[in-house]
Number of protein chains: 2
Amino acid sequence: MEQILFNYLSKYILLTDDEKKAILELDIFKQFKKGTQLLKEGELSDNGYFVIKGCIRTFYIVDGVEKTTEFYTEAESLEPLCKINKKTSDYFISCVEDSILMVADSEIEQEIFQKFPRFETLCRVLSEELLAKNKADFDDFKTSSPEQRYLNLFQSRPQLLQRVPQYQIASYLGLTPQSLSRIRKRLSVGAK
Amino acid sequence: MEQILFNYLSKYILLTDDEKKAILELDIFKQFKKGTQLLKEGELSDNGYFVIKGCIRTFYIVDGVEKTTEFYTEAESLEPLCKINKKTSDYFISCVEDSILMVADSEIEQEIFQKFPRFETLCRVLSEELLAKNKADFDDFKTSSPEQRYLNLFQSRPQLLQRVPQYQIASYLGLTPQSLSRIRKRLSVGAK
DNA sequence: TACATTTATTAACTAAAGTGAACGAACTAT
DNA sequence: ATAGTTCGTTCACTTTAGTTAATAAATGTA
């Protein structure tokens with residue numbers, strides 16, 4: 001199970017057995033049932049998440065309607081804004097599937113950075129990389145039509161379309177469920 | 001001039017005079033004329049930028065048309081994706097105004113981190129914060145209509161609308177210049 | 001199994017954005 | 001000053017998304 005984590009990290013640094021052991025001893029791998037709310041609007045939490053298995057999503061409720069903005073699957077991590085700016089959250093986090101997550105608060109992070117300073121370098125590099133990638137995704141979104149965005153998602157994360165209800169994909173693409181349904185129809189007819 | 005940098009950093013850590021001196025001695029403050037291309041599509045660069053004064057933007061050229069996706073003004077910083085993933089750039093970076101920038105490559109960063117380890121913590125914290133904020137901006141974009149996005153920009157960065165040509169704002173909002181022109185008209189008529 | 005709820009599709013209609021072209025105003029450069 | 005760009009607006013037209021509502025299909029649950 002923890003192999004997902006170590007595999008992911010091995011792309012950046014090779015951990016010693018000591019380091020691996022220290023991580024496992026923190027005992028921060030937790031199981032959650034599908035539908036579990038990890039964070040609610042208005043709450044303040046100090047937890048960050050790394051997905052070992054399963055899928056979680058962030059969503060807003062605008063005029064009573066859910067707007068899903070991001071999905072996190074295996075080997076992806078989420079540091080909620082409320083953890084960083086210490087303000088109550090604008091959004092919800094919940095489990096799209098039964099999931100196994102690493103859950104770490106600032107105290108745990110400090111502890112690790114203290115024991116293994118290399119981890120701080122790792123985290124800096126990782127978040128710089130995530131930032132640049134997120135910018136690239138945002139750029140893509142801005143410069144594409146809804147249809148292109150759907151095709152793009154189809155290319156880059158095909159499994160996601162199987163794992164997640166379509167109305168959540170729709171708002172992830174900045175659309176209503178009806179529009180996404182139409183786009184899919186248009187594409188399937190056009191392809192024939 | 002360097003006050004812009006030190007002011008910004010003071011929100012996160014208080015620098016000693018030694019540290020300030022060390023930064024200034026790197027001699028990485030550079031001047032650029034409006035229109036200067038800092039990075040071109042297809043190029044590979046190891047430079048990151050921090051804006052002391054002025055404005056720079058990133059843009060793509062898609063089917064011969066410029067698509068501006070981000071603006072960076074005073075006290076904002078840009079680490080291009082090509083610096084991080086070592087692949088040639090998909091986009092251009094150029095100066096919207098005469099600008100004074102801090103330009104730093106990986107070697108310079110290493111040097112600083114070596115001398116002042118606190119800087120690595122700072123950079124980790126900063127990029128985590130930027131990542132969370134960028135996600136929030138992206139969420140906003142996805143959940144808003146073009147008109148709301150324009151109004152939102154009007155609120156959050158009113159000066160930008162004065163400093164930057166409107167066709168660049170348009171693609172920044174994911175629109176054609178014609179659509180933005182219409183939105184502005186609609187809003188000005190509605191306001192009367 | 002049967003019932004209730006959630007999710008996806010379809011349709012008719014409205015509103016808004018994309019497209020291509022034209023025009024004038026503003027800015028540059030010589 | 002003037003010639004040449006660049007930029008913003010407007011227009012007519014096409015395409016696509018939003019909205020509201022109805023229905024069908026799939027899923028979950030007693």
Side-chain angles (χ1 to χ4, degrees), chain A residues 33-37 55 57 59 61-68 71 92 94-98 141-154 160-192, chain B residues 33-37 55 57 59 61-68 71 92 94-98 141-154 160-192:
Chain A
K33 282 249 162 262
K34 174 175 174 175
T36 308
Q37 299 263 24
C55 178
R57 68 176 173 127
F59 66 97
I61 294 187
V62 185
D63 299 330
V65 182
E66 266 185 27
K67 305 269 187 179
T68 298
F71 300 98
F92 300 76
S94 81
C95 297
V96 174
E97 304 171 344
D98 291 351
F141 194 95
K142 279 180 182 171
T143 58
S144 307
S145 68
E147 186 170 312
Q148 287 171 320
R149 299 201 290 256
Y150 174 73
L151 290 170
N152 191 34
L153 181 63
F154 200 86
L160 202 61
L161 301 173
Q162 308 305 319
R163 296 170 71 173
V164 163
Q166 197 171 301
Y167 75 94
Q168 291 176 14
I169 297 283
S171 54
Y172 176 66
L173 295 172
L175 298 171
T176 59
Q178 293 91 327
S179 285
L180 178 54
S181 187
R182 261 189 309 226
I183 287 172
R184 282 159 51 87
K185 182 166 193 192
R186 222 154 58 207
L187 290 170
S188 75
V189 171
K192 275 173 198 163
Chain B
K33 283 251 161 261
K34 175 175 174 175
T36 308
Q37 300 263 21
C55 179
R57 67 176 172 127
F59 66 97
I61 294 186
V62 185
D63 299 330
V65 182
E66 266 187 28
K67 305 269 187 180
T68 298
F71 299 99
F92 299 76
S94 80
C95 297
V96 174
E97 304 171 343
D98 290 350
F141 195 95
K142 278 180 183 171
T143 58
S144 307
S145 66
E147 186 171 313
Q148 287 171 320
R149 297 200 293 254
Y150 174 73
L151 290 170
N152 190 34
L153 181 64
F154 201 86
L160 202 61
L161 301 173
Q162 307 306 319
R163 296 171 70 172
V164 163
Q166 196 169 302
Y167 75 95
Q168 291 176 15
I169 298 283
S171 54
Y172 176 66
L173 295 172
L175 299 170
T176 59
Q178 293 93 323
S179 286
L180 178 54
S181 187
R182 263 190 307 228
I183 287 173
R184 283 161 51 88
K185 182 166 193 191
R186 221 152 60 207
L187 290 171
S188 75
V189 170
K192 275 174 197 161

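This structure is a prediction, so every number in the text was calculated from the model and none was measured. To find a chain, count down the sequence lines: A is the first, B the second, and so on, and within it residues start at 1.
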Given 3.5 Å as the limit, does a donor-acceptor pair link the side chain of B/S171 with the main chain of B/T68, or not? yes
Check whether any side-chain heavy atom of A/F71 sits under 4.5 Å from a side-chain heavy atom of A/R163, and report yes or no. no
Can you check the B/L161 CG to D/dG8 C1' distance for me, whole Å? 14 Å
Who passes side chain to side chain contact (heavy atoms under 4.5 Å, CB included) against B/Y167, sequence neighbours left out? B/E66, B/P165, B/P177
B/D98 side chain vs B/K33 backbone, donor-acceptor pair below 3.5 Å: no
Side chain to side chain contact (heavy atoms under 4.5 Å, CB included) partners of B/S179, counting only residues at least two apart: B/L175, B/T176, B/R182
Whether each nucleotide of nucleotides 9-18 of chain D has a protein heavy atom under 4.0 Å at its base (B), only at its sugar-phosphate (S) or at neither (-) is summarised, 5' to 3', as BB-----SBB
Using atom CD of A/E66 as one end and atom C1' of C/dT6 as the other, report the distance to the nearest whole Å. 11 Å
Sort and list the pairs that fulfil salt bridge (charged side-chain N to carboxylate O under 4.0 Å, His left out) and have at least one residue in residues 171-180 of chain A, not counting sequence neighbours. none
Global bending angle along the helix from C/dT1-D/dA30 to C/dT30-D/dA1, which compares the axes of five pairs at either end, to 10 degrees: 60°
For B/F59, give me all partners under ring-ring contact (aromatic ring centres under 6.0 Å, His included), at least two apart in sequence or on another chain. B/F92
Roughly, in whole Å, what's the span from CD in B/Q148 to C1' in C/dA15? 14 Å
Atom CG of B/L173 and atom C1' of C/dG18 are separated, to the nearest Å, by 16 Å
Length of the line joining B/D63:CG and C/dT19:C1', which is rounded to integer Å: 13 Å
Say whether, by atom type as modelled, one donor and one acceptor occur between the side chain of A/S144 and the main chain of A/F141 under 3.5 angstrom. no
Please report, rounded to the nearest Å, how far the C1' atom of D/dT6 is from the CD atom of B/Q168. 12 Å
